Amino acid sequence: MIVTRFAPSPTGYLHVGGLRTALYNYLYAKKNEGKFILRIEDTDQTRYQEGAVENLMNSLKSVGIEYDFGPGKEDENAPYFQSKRNNIYKKEVDKLIQDGNAYRCFCTPERLKELHEKQVANKEDPKYDGKCRNLSQEESDERAKSENFTVRLKVPETGGITFKDKVRGKVKIDYSEVSDQILIKTDGFPTYHLANVVDDHYMKISHVIRGEEWLSSLPKHLLLYRYLGWKAPKFAHLPLLLNSDRSKLSKRQGDVAVEDYLNKGYLPSALLNFLALLGWNPGGKKEIFSLEELVNEFSLERINKSGSVFDVKKLDWMNGQYIRKMSDESYFVEAKKWIDESKLKKDKIHIALKSLKPRLVKMTDIQEKLKTFTQTEFEINDEEAKKIIGTDSTKIVLKSYSEKVSDLDELTANDFYSIMKKVQNDTGIKGKDLWMPIRIALTGEMHGPELDCIVEYFGKEENISRVGKFF
RNA sequence: GUCGCAUUCGUCUAGUGGUUAGGACUCAGGAUUUUCAUUCCUGCAACAGGGGUUCAAUUCCCCUAUGCGAUACCA
């Protein structure tokens, strides 16, 4: 049984990099008919943020990534908050200490800081010097009664470990590079390393798919599995998402929160598609994939090794593709979330919306572009437009147009073309000189949606009144 | 500093011991469109550098450079 998990710490919002990690875990589980778990890693009390968990879960939900087990979906492996699993960690740590694979450390933060500075100054590897490593059982027990202490992992002094990563292949790290990691903090909470290994074991995680920043600490994790007598899961370390200058994707250079992108009018499906292809691809020339297709195509073998730049331009393009690909019905539903319907003519709202469909990059663009239809007063700002609207030829066209529209009972897109034909015949004016005056008189702009949509939207009376102002 | 990982057009990427190194985004040009957008076509543009191995290396090995990550009582 394939079981994967996404294990974020609730420090604020869901990062797009986190979403990609979640997505890969989800895809791999679903592809193999396994389970996908959400676990909240909230062992650092100092970083706790009000509402962060809700925010995280909302973001996941709104992009359509659903977990099989996790907060609110408990099974026998619950709870899914690390802060509520302390008794489990305690038990395992006691075992580690008893077996001599971990030890209490009574060093103060001050001493540790001093040690670190000294090592850096001497150009030594900064790592714990092992002062408390060989304390006798009696001394350790005795001091534990009155002193604060942490618990450290006893890393072998010699040798090393070679492990296989599903993405990187063989990686070799010497134990001399690995410090005696703190497993339990003075406040009694476990560090990531311990909690992670213990939880992954008890939650029967088969594949750990996580960011590359964890690759270097894998020896510690593997050591824990060994000391605890557990079989380690398979590991896949993902390449990082980068800013355009190739630094780690950060808030300073643009949006990183999933909710920011959603609020800006990127469609969840487009965001997921885009993210999926950052660091993975199925090999063909196809680029647009539904979530279902991603599930079918996904494989760990095709994950790239190097970091990828998050290019918003490409996301923009992809979002546009998704908007255009939508059926009109679902597009209307989506579009209505982004507009103030009361400003539009109820019976003609779909005419306006549809004319905008090929013109949108993000759903938020719709508000601005709708102005063509909603504004009742406008000034002509474009110099060329001003020139065109003032010519005699324009006045002739508009007058003729107005007269012909007046003869109609109703003005539809179809009528519009036959009317324009007549205007052309009567005035002898054609091409740009014929069409542009109508557009400018109606909208004040040189550019915009298809004229027939605009004309039909406004209807007979408004066409006459708008055009009438210019001759 | 040390250790680890990485390196194909500006960006995302495909690919191979012998290829005109392919696609997508961006950009430029063109076609369609009464405008803009869409759509379509064309073009620009890459195997980090140096050594090996080999008849042949972008592809395999080593070194260098560069980038990133780790080196926390953060995850």
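Proteins come first, then strands; the chains are lettered A, B, ... in the order of their sequence lines, and each starts at number 1. All values reported here derive from a predicted model rather than from experimental measurement.
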Quick one: look up who [N] pairs with, Watson-Crick or G-U, both distances under 3.5 Å, and put none if it's unpaired.
N      : result
G1(B)  : U71(B)
U53(B) : none
C40(B) : G30(B)

Going by number, which of residues 435-448 of chain A have a non-hydrogen atom under 4.0 Å from RNA chain B? W435(A), M436(A), R439(A), M446(A), H447(A), G448(A)
Would you verify whether the NZ or CZ of R85(A) falls within 45 degrees of the ring axis of F81(A) while also being under 6.0 Å from that six-membered ring's centre? no
Can you see whether Y128(A) has R152(A) sitting over its ring - NZ or CZ less than 6.0 Å from the centre and within 45° of the normal? yes
Sort and list the pairs that fulfil salt bridge (Lys or Arg N to Asp or Glu O under 4.0 Å) and have at least one residue in residues 38-51 of chain A, not counting sequence neighbours. R39(A)-E41(A), R39(A)-D199(A), R39(A)-D200(A), D44(A)-R47(A)
Qualifying salt bridge (Lys or Arg N to Asp or Glu O under 4.0 Å) pairs, either residue in residues 278-289 of chain A, two or more places apart: K286(A)-E293(A), E287(A)-K314(A)
Regarding [X], tell me which of base, sugar-phosphate or nothing describes its non-hydrogen contacts under 4.0 Å with the strands shown.
X       : value
R210(A) : nothing
T186(A) : base
K248(A) : sugar-phosphate
H116(A) : sugar-phosphate
L242(A) : nothing
T43(A)  : sugar-phosphate
P8(A)   : nothing
G284(A) : nothing

For nucleotides 43-50 of chain B, print each protein N/O atom paired with a nucleotide N/O atom at under 3.5 Å, atom names and distance only.
none

Walking RNA chain B from its 5' end, the first of N304(A) and D125(A) to be reached, judged by nearest nucleotide, is D125(A)
Walking RNA chain B from its 5' end, the first of R20(A) and L360(A) to be reached, judged by nearest nucleotide, is R20(A)
Length of the [atom1]-[atom2] vector between [X] and [N], whole Å:
X       : N      : atom1 : atom2 : result
I182(A) : U71(B) : CD1   : P     : 12 Å
K123(A) : U2(B)  : NZ    : C1'   : 12 Å
R246(A) : G10(B) : CZ    : P     : 11 Å

Check salt bridge (Lys or Arg N to Asp or Glu O under 4.0 Å) between [X] and all other residues, then give those that pass, not counting sequence neighbours.
X       : result
E213(A) : none
E383(A) : K386(A)
R324(A) : none
K404(A) : D426(A)

For residues 431-440 of chain A, run the donor-acceptor check on the side chains, cut-off 3.5 Å, and write out each pair with its distance to 0.1 Å, sequence neighbours left out.
unit_1, atom_1, unit_2, atom_2, d
R439(A), NH1, P449(A), O, 3.1
R439(A), NH2, P449(A), O, 3.0

Does a nitrogen or oxygen in the side chain of N196(A) sit under 4.0 Å from OP1 or OP2 of A75(B)? no
Would you tell me if any nitrogen or oxygen in the side chain of K185(A) comes within less than 4.0 Å of OP1 or OP2 on C74(B)? yes
Anything under 3.5 Å between a protein N or O and an N or O of nucleotides 5-7 of chain B, put it in a table, one pair a line.
unit_1, atom_1, unit_2, atom_2, d
C5(B), O2', R168(A), NH1, 2.7
C5(B), O2', E212(A), OE2, 3.4

Does [X] [atom1] have over 12 foreign heavy atoms under 6.0 Å away?
X       : atom1 : answer
E124(A) : CD    : yes
E157(A) : CD    : no
E403(A) : CD    : yes

Any donor-acceptor pair under 3.5 Å between the side chain of K314(A) and the base of A24(B)? yes
Considering only heavy atoms and no angle criterion, is a donor-acceptor pair shorter than 3.5 Å present between the side chain of T150(A) and the base of C73(B)? no
Close side-chain approach of Q321(A) and N273(A), heavy atoms under 4.5 Å: no
Tell me the closest heavy-atom pair linking C132(A) and Y103(A), and the distance in Å. O-CD1, 3.3 Å
Going by the rule ring-ring contact (aromatic ring centres under 6.0 Å, His included), which residues pair with W214(A) if we only count those two or more places apart in sequence or in a different chain? Y192(A)
Using atom P of each nucleotide, how far apart are G23(B) and A45(B) to the nearest Å? 14 Å
Distances for protein N or O near nucleotides 38-42 of chain B N or O, under 3.5 Å:
unit_1, atom_1, unit_2, atom_2, d
U39(B), OP1, Q321(A), NE2, 3.1

